[in-house]
Amino acid sequence: MSLNEKADFIREIVAEDLRTNKYQGRVHTRFPPEPNGYLHIGHAKSINLNYGIARENPGGVCNLRFDDTNPEKEEQEYVDSIIADVQWISNEKPSTVYYASDYFEQMYQYAVDLIRKGKAYVCDLNADEIRESRGTLTEPGKDSPYRNRSVEENLALFSRMRKGEFPDGAKTLRAKIDMASPNINLRDPIMYRIVHEDHHRQGSAWCIYPTYDWAHGLEDSIERITHSICTLEFENHRPLYDWFLDALGVYHPQQIEFARLNLSYTVLSKRRLLQLVQEGHVTGWDDPRMPTIAGYRRRGYTPEAIRTFCEKIGVSKKDSIIDVALLEWSIREDLNKHAQRAMAVLRPLKVVITNYPEGKTEDLPALNNPEDETAGTRLIPFSRELYIEADDFRESPPPKYHRLSPGKEVRLRAAYIIKCEEVVKDASGNVVELHCTYDPETKSGGTAAGRKVKGTIHWVSAPHAVEGEVWLYDRLFLKEDPNEVTEGDSFLSNLNPDSLEIVSHCKLEPMLGTAKPGSRFQFERVGYFCADPARAESGAPIFNRTVTLKDTWAKIEQKGAAPNAGSGR
RNA sequence: UGUCGGGUCGUCUAAUGGCAGGACAACGGCCUUUGGAGCCGUGAGUAGAGGUUCGAAUCCUCUCCCGACAGCCA
């Protein structure tokens with residue numbers, strides 16, 4: 001948090017607790033993902049919050065802790081990806097990684113303690129029976145017939161549960177609270193369930209596993225967390241969080257809830273993201289169209305941009321949907337200042353400079369980044385035959401079109417002004433080549449370099465061009481709220497069929513041929529791109545489009561095409 | 001119609017009884033060897049009704065709207 005910015009309500013609470021010495025000056029947060037999927041941008045908000053608060057306060061610590069209490073959904077692959085993603089986003093290598101499963105024995109002893117205190121019991125009701133006796137939102141539940149078993153019987157039964165004497169679901173350990181509580185979470189919640197399944201870290205050591213409500217406060221307590229920050233849906237669970245810790249009489253952190261991130265045109269539910277992966281709607285968790293940390297990384301986002309985004313959106317308790325345009329703004333903001341510029345022609349149109357000597361090549365210096373003097377310059381080869389963007393030529397230019405058209409001039413970026421003298425077409429009338437002349441005096445830095453023309457376009461020397469494949473990504477969903485569907489449809493019906501367009505045979509300036517995977521560029525006038533680790537079948541490098549540049553011309557042209565569209569304001 | 005929580009420009013977010021401000025988006029202009037970037041400007045908000053007060057987005061009352069919760073998920 002920068003100094004001139006206002007603290008959010010959570011930071012205010014932390015500051016107040018520090019002032020009143022509530023935790024002896026300690027600030028200890030945690031980020032507790034369940035390893036049942038990859039982390040997404042919503043988790044980035046939480047990471048930023050928890051690590052941020054720890055970092056801002058002297059001696060502050062943030063634990064990375066896996067909440068791995070459900071062997072049915074969790075996998076080592078997810079643990080590995082999460083560690084990598086947290087490191088990338090937080091810019092901190094966790095010195096210790098904590099696991100809830102390391103506390104299973106201690107949790108078990110705490111449960112025994114609660115049984116001894118008469119505050120927990122073994123229940124023989126099955127899942128259906130428990131649901132039926134729980135009551136509804138407006139009616140109280142009914143006590144389980146097993147609610148008043150003796151401490152001795154409960155102890156014996158619980159021990160036998162652990163030993164594996166009962167099948168899955170046969171028994172549970174429940175807290176004895178209040179079946180008539182208006183808060184359903186307090187109606188004798190389940191603490192342990194029987195699941196005969198190997199755990200990714202504990203193997204077959206356990207066949208009873210603690211539930212979230214029972215486990216989470218204990219994890220926080222054991223780690224001496226001060227502020228246990230979670231999302232709004234746990235608000236109704238806080239009384240239970242407090243009840244368990246009070247019943248046990250152990251160290252008691254405070255739970256604070258904030259609104260989870262929602263992004264327009266994006267789904268951020270692990271269940272749905274898993275479905276996209278499993279059903280092959282995307283190529284994997286790290287598909288650049290995915291809102292996962294891994295996806296954004298592969299797409300070319302920087303951790304700095306994601307952090308900026310998280311700071312911009314703030315932290316509150318209000319349910320909200322952030323405009324994805326703010327995320328796009330964040331990455332443009334970062335990349336504009338830092339990305340190496342390059343020239344790349346996506347849809348090439350051949351240009352022959354008829355008055356330029358055949359066989360001649362010049363190496364022209366070009367700025368690596370006009371926003372950053374220290375980035376220096378590089379040499380780009382120029383020759384008689386070039387490629388320009390097909391869209392940068394119009395035979396019949398619309399009004400305000402500042403690019404090439406018959407008889408008109410444009411500047412070639414970092415090179416010369418050229419004039420279109422002749423349009424060459426094929427048998428069916430398609431423009432296949434342009435014959436132009438250049439003005440030798442207008443070389444960048446030359447005598448007439450200052451001569452003004454309306455437009456500047458990018459280009460690549462034909463004999464020097466490197467072939468590449470460019471993958472253009474668009475939003476994955478067509479609707480602002482992908483979950484808004486007509487009856488019977490799923491969110492999948494809102495998938496954007498054009499979320500990926502692969503453009504082959506792009507002409508790239510030579511430097512791009514040796515770009516390292518993960519390196520980021522601005523293709524001038526086109527957008528920001530990131531070299532993918534993979535190569536095309538042809539061996540050509542692949543560049544993922546991170547985000548387009550703002551395109552004012554597209555807006556002008558669109559308005560011209562539909563003068564009355566969008567009226568009514 | 002239970003419990004908990006939330007309603008400030010289109011979208012987020014500040015103002016903690018004292019000028020409703022910022023960002024993104026939109027729109028207009030300037031500038032430009034990226035129709036990029038930058039710069040300048042415009043429009044746009046306190047859910048409603050009462051009350052307290054010199055003064056209310058803020059405090060009180062009522063109303064309305066939205067969200068979460070009935071997994072042996074987290």
Side-chain angles (χ1 to χ4, degrees), chain A residues 5-6 8 12 32-34 36 67 69-70 72-73 123 125-127 130-131 134-141 168-174 181-187 189-195 208-209 211-213 215-216 230-239 257 259 264 270-271 312-330 332-333 336-337 341 343 366-367 370-371 400-403 410-415 417 442 444-445 449-458 522-527 548-557 569:
Chain A
E5 265 171 66
K6 193 72 185 137
D8 54 72
E12 280 178 359
E34 183 191 11
N36 67 343
D67 204 3
T69 57
N70 182 1
E72 292 176 309
K73 293 185 175 177
C123 182
L125 257 26
N126 66 32
I130 286 184
R131 177 163 27 78
R134 185 156 31 223
T136 68
L137 295 176
T138 50
E139 305 160 48
D168 286 6
K171 287 179 165 46
T172 56
L173 183 74
R174 300 177 70 179
S181 171
N183 180 345
I184 290 183
N185 296 122
L186 262 19
R187 318 240 261 232
I190 287 162
M191 296 163 60
Y192 278 94
R193 71 275 209 185
I194 300 172
V195 181
I208 58 172
Y209 290 93
T211 57
Y212 170 87
D213 285 313
H216 204 87
C230 62
T231 45
L232 249 29
E233 68 268 29
F234 295 106
E235 223 160 4
N236 293 337
H237 294 244
R238 181 162 18 97
E257 311 85 12
S264 60
K270 274 199 196 171
R271 204 202 100 231
K312 285 283 198 191
I313 61 178
V315 178
S316 75
K317 298 191 73 157
K318 184 177 146 191
D319 282 307
S320 62
I321 301 171
I322 307 290
D323 190 341
V324 73
L326 184 60
L327 214 213
E328 293 173 352
W329 173 85
S330 304
R332 283 194 190 103
E333 170 93 345
N336 174 50
K337 288 183 185 117
R341 307 292 130 120
M343 293 217 270
L367 247 30
E371 301 290 316
K400 294 181 185 165
Y401 188 79
H402 295 160
R403 311 176 192 176
V410 284
R411 173 172 285 283
L412 296 176
R413 177 81 161 148
I417 291 174
T442 58
S444 275
R451 181 148 82 83
K452 301 284 183 206
V453 283
K454 274 283 175 57
T456 299
I457 64 174
H458 58 281
Q522 183 198 99
F523 292 178
E524 293 209 45
R525 302 209 310 129
V526 181
T548 59
L549 246 26
K550 257 190 1 194
D551 191 347
T552 309
W553 167 245
K555 226 177 236 178
I556 295 170
E557 204 178 22
R569 253 284 282 284

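Chain identifiers are assigned alphabetically (A, B, ...) following the order of the sequence lines, protein sequences preceding nucleic acid strands; residue numbering begins at 1 within each chain. The basis for the numbers below is simple: all heavy atoms, side chains too, and nothing from hydrogens, waters or symmetry mates. All of these numbers come straight from a predicted model, not from anything done at the bench.
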*Tell me what L137(A) touches on the nucleic acid: a base, only sugar-phosphate, or nothing, going by heavy atoms under 4.0 Å.*
base

Value for CD (E72(A)) from CZ (R193(A)), rounded to nearest 0.5 Å, stands at 7.5 Å

Sorted by chain and number, sequence neighbours left out, side-chain contact (heavy atoms from CB on, under 4.5 Å) with T136(A) holds for T138(A), E139(A)

Counting the atoms with a prime plus P, OP1 and OP2 as sugar-phosphate, which does F234(A) contact under 4.0 Å by heavy atoms, base, sugar-phosphate, or nothing? base

Roughly how many Å apart are rA57(B) and rA15(B), using the P atom of each and rounding to a whole number? 15 Å

Taken in chain and number order and not counting sequence neighbours, the residues that satisfy side chain to side chain donor-acceptor pair (under 3.5 Å) with R411(A) are none

Mind checking if S320(A) touches a base, just sugar-phosphate, or nothing, with heavy atoms under 4.0 Å?
sugar-phosphate

Would you mind classifying the nucleic acid contact of L173(A) as base, sugar-phosphate or nothing, using non-hydrogen atoms under 4.0 angstrom?
nothing

With sequence neighbours left out, the residues meeting side chain to side chain donor-acceptor pair (under 3.5 Å) with R525(A) are D392(A), H458(A)

Taking Watson-Crick and G-U wobble contacts under 3.5 angstrom, with | marking pairs to another strand and [ ] crossing pairs, the secondary structure of RNA chain B is written .((((((..((((....[..)))).(((((.......)))))....(((((..]....))))))))))).....

**Asked** What does T69(A) touch in the nucleic acid at a heavy-atom separation under 4.0 angstrom: a base, only the sugar-phosphate, or nothing?
**Response** sugar-phosphate

### Query
Base, sugar-phosphate alone, or nothing: which one does D213(A) contact when heavy atoms must sit under 4.0 Å apart?
nothing

- What distance, rounded to whole Å, do you find between the two C1' atoms, one in rA37(B) and one in rC66(B)? 40 Å

Nearest heavy-atom contact between I184(A) and R134(A) is CG2-CD, 3.8 Å

Checklist line | Rounded distance in Å between the C1' positions of rC59(B) and rU46(B) | finding: 16 Å

| task | Please state the C1' separation for the pair rA74(B) and rC69(B) - nearest whole angstrom. | result | 14 Å

- Task: Scan I130(A) against the nucleic acid and name what it touches under 4.0 Å (heavy atoms): base, sugar-phosphate only, or nothing.
- Result: base

Just to be sure I understand the rule, does H458(A) reach a base, reach only the sugar-phosphate, or reach nothing, if contact means heavy atoms closer than 4.0 Å? nothing

Determine the interatomic distance between C1' on rU13(B) and the same-named atom on rA20(B); round to the nearest Å.
-> 13 Å

Are K400(A) and W553(A) close enough that some pair of their side-chain heavy atoms sits under 4.5 Å apart? yes

In whole angstrom, give me the gap between the P atoms of rU16(B) and rU1(B).
37 Å

* Do I190(A) and I130(A) have side-chain heavy atoms sitting under 4.5 Å apart? -> yes

Testing rC72(B), rA70(B), rC24(B) for proximity to the side chain of T136(A), the answer is rA70(B)

**OP:** Could you tell me whether a side-chain N or O of N236(A) sits under 3.5 Å from a main-chain N or O of N183(A), the two making a donor and an acceptor?
**Re:** no

| request: State, yes or no, whether a side-chain contact exists between I457(A) and L412(A) at a heavy-atom distance under 4.5 Å. | output: yes

query: What interatomic distance, in whole Å, is found between C1' of rC4(B) and the corresponding atom of rA23(B)?
result: 32 Å

Those residues at least two apart in sequence (or on a different chain) that pass side chain to side chain donor-acceptor pair (under 3.5 Å) with T231(A) are E233(A)

Under 4.0 Å, counting only non-hydrogen atoms across every strand here, what does I190(A) touch: a base, just sugar-phosphate, or nothing? base

Check the interface with nucleotides 6-9 of chain B: list each N/O to N/O pair with the protein under 3.5 Å, or write none.
| unit_1 | atom_1 | unit_2 | atom_2 | d |
| --- | --- | --- | --- | --- |
| rU8(B) | OP2 | K318(A) | NZ | 2.3 |

Sorted by chain and number, sequence neighbours left out, side chain to side chain donor-acceptor pair (under 3.5 Å) with E257(A) holds for R238(A), Q255(A)

Expected rows: protein N/O vs nucleotides 14-18 of chain B N/O, under 3.5 Å:
| unit_1 | atom_1 | unit_2 | atom_2 | d |
| --- | --- | --- | --- | --- |
| rU16(B) | O4 | E12(A) | OE1 | 3.2 |
| rU16(B) | O4 | E12(A) | OE2 | 2.5 |

Sequence neighbours excluded, the answer for side-chain contact (heavy atoms from CB on, under 4.5 Å) partners of D213(A) is H237(A), L240(A), F244(A)

By ring pair (Phe, Tyr, Trp, His ring centres under 6.0 Å), Y212(A) pairs with (sequence neighbours left out) H216(A), F234(A)

- Salt bridge between E34(A) and K270(A), side-chain N to carboxylate O under 4.0 Å? no

Report yes if a side-chain nitrogen or oxygen of R134(A) is closer than 4.0 Å to either non-bridging phosphate oxygen (OP1 or OP2) of rC72(B); otherwise report no. yes

Contacts of R413(A) meeting salt bridge (Lys or Arg N to Asp or Glu O under 4.0 Å) (sequence neighbours excluded), chain-then-number -> E524(A)

Could you tell me whether T172(A) contacts a base, only the sugar-phosphate backbone, or nothing, with contacts defined as non-hydrogen atoms closer than 4.0 Å? base

Please give the distance between the C1' atoms of rC9(B) and rG71(B) as a whole number of Å.
41 Å

Quick tally for nucleotides 30-38 of chain B: nucleotides whose base has a protein heavy atom under 4.0 Å get B, sugar-phosphate-only ones S, the rest -, giving ---BBBBS-

State whether the distance check finds a donor on one side and an acceptor on the other, under 3.5 Å, for side chain N236(A) versus base rA68(B). yes

Phosphate OP1/OP2 of rC73(B): any R193(A) side-chain N/O under 4.0 Å: yes

